[in-house]
Protein chains: 2
Amino acid sequence: MDIPTLCLGILSLGDATGYEIKKMVAEGSFSFFSEASFGSIYPALTRLTEEGLISCRAEAQSKRPDKKIYSLTPAGRAELEAALANSPGPDRNRSDFLAALLFAEAVAPHRIEDLIDERIAHHGEQIEALEVMLGAEEGAASRFVLEYGIVMQKAAHDFLVKKKKGLIAGMMAPAS
Amino acid sequence: MDIPTLCLGILSLGDATGYEIKKMVAEGSFSFFSEASFGSIYPALTRLTEEGLISCRAEAQSKRPDKKIYSLTPAGRAELEAALANSPGPDRNRSDFLAALLFAEAVAPHRIEDLIDERIAHHGEQIEALEVMLGAEEGAASRFVLEYGIVMQKAAHDFLVKKKKGLIAGMMAPAS
DNA sequence: AATTACATGTAATCCGTTACATGATTGA
DNA sequence: TCAATCATGTAACGGATTACATGTAATT
């Protein structure tokens, strides 16, 4: 999903400014399956407005740039609908952690325990953060996505806790 | 993790050609946490050779380009070790499926059931493929990574199976 | 005193994919 | 006969990040 479509989708859930969209993808529940920076969001919003897929009303603010609040237009809604008619591509997961784990076996086996411990702690934090978000979320699909995230984080967390010792032992006795 | 480092890591597990590295990241157990195309792998290998981090021996073949088999040098091993000393960044998950689910609520709720059914089938296929790979894999870390993948795919699969009806019902009665 | 949050936008740059170029062999 | 596998490599292109540019206000 490209960034213009992502913006359309976010705006289908409610009006927002570019700044708010950035916050959603960087920190909100969107952050678990998408990314985007100002450098891609603002130009996308400008282009989408030119194309009539979204509309923009400016709200004056003293001593700050005007807030530009974007809304999905009927044309934009139709465009989003068309995009959703296609089956989504497969998930793309980049995990430096998994790569590091795999490569550490040959090159730095002493790192493995730390790598896993760090990751376990990380999943713990993520789970907490997601649970806080879930408490504040009301939409059925939004809650579903958040619950999905929690389940996945917990699965990873529990797997690492359960298998850590086995992995370390397995590497000490490599040719067993 | 950038592509040069990824190549270094793969070569730490054994010598390989550029073609083989591509196959590993596109189809092998690496495909679940990384991606790379010929257009990025071959130039990386060339550069790494110039820098002395890997070495290359050519194997002549009749009627085909020479096979260039790359090996990690001690300098390359040191470089990889240095890279692994840094904590890996967080996983980056791009999921058009989750995005589509979220956006479909507002714009195409009738699509949701299909979206989920497709995804359930997809996870089933992935689980089978991973289990086949696991049967052929012997390294402790490689098996660990594969098992991790299976656990995650199963978690997603089971979550979707269990929650599908609830989501659809929840959207029919939105303001409950 | 310094950093973060708010608020928008542009330009340079990087990284990587897609497509192109070449060509034999094997299996469906 | 057509597609896929094997095998390497380059160039054009696209998409997105990073850094830059500007400035206030609140928090630490």
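Side chains are part of it too, since the values below use all heavy atoms of this structure and drop only hydrogens, waters and symmetry mates.
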When the distance from CZ of A:Arg92 to C1' of D:dA16 is rounded to whole Å, what number comes out?
12 Å

Could you tell me whether B:Lys22 contacts a base, only the sugar-phosphate backbone, or nothing, with contacts defined as non-hydrogen atoms closer than 4.0 Å?
nothing

Count the heavy atoms belonging to other residues, nucleotides or ligands that lie under 6.0 Å from CD of A:Glu131, then report whether that count exceeds 12.
yes

Can you figure out which of D:dT10, D:dT24, D:dC6 approaches the side chain of B:Lys23 most closely?
D:dC6

Cationic N near anionic O, under 4.0 Å, A:Glu147 to B:Lys162
no

Is there a side-chain polar atom (N or O) of A:Gln61 under 4.0 Å from OP1 or OP2 of C:dC6?
no

Which nucleotide sits closest to the side chain of B:Tyr42: D:dG9, C:dG9, C:dC6?
D:dG9

Using a cut-off of strictly less than 4.0 Å, decide whether B:Ser40 has a side-chain nitrogen or oxygen near OP1 or OP2 of C:dT17.
yes

Of A:Pro65 and A:Asp2, the one whose nearest nucleotide on DNA chain D sits closer to the 5' end is A:Asp2

Whole-Å gap separating C1' (C:dC14) and CD1 (B:Ile3)
12 Å

Without decimals, in angstroms, what is the distance between B:Leu45 CG and C:dG16 P?
14 Å

Shared ILVMFWY cluster between B:Ile54 and B:Met24, side chains joined below 4.5 angstrom?
yes

Identify whether any heavy atom of A:Thr17 sits under 4.0 Å from a base atom; if not, whether one sits that close to sugar-phosphate; answer base, sugar-phosphate or nothing.
sugar-phosphate

Measuring to OP1 and OP2 of D:dC6, would you say a side-chain N or O of B:Tyr19 lies under 4.0 angstrom away?
yes

Can you measure B:Glu20 atom CD to D:dT8 atom C1' for me and round it to whole angstrom units?
13 Å

From CA spacing to verdict: ring-ring contact (aromatic ring centres under 6.0 Å, His included), B:Tyr19, B:Tyr42
CA-CA 9 Å; B:Tyr19 189 84; B:Tyr42 283 126; 8.3 Å; no

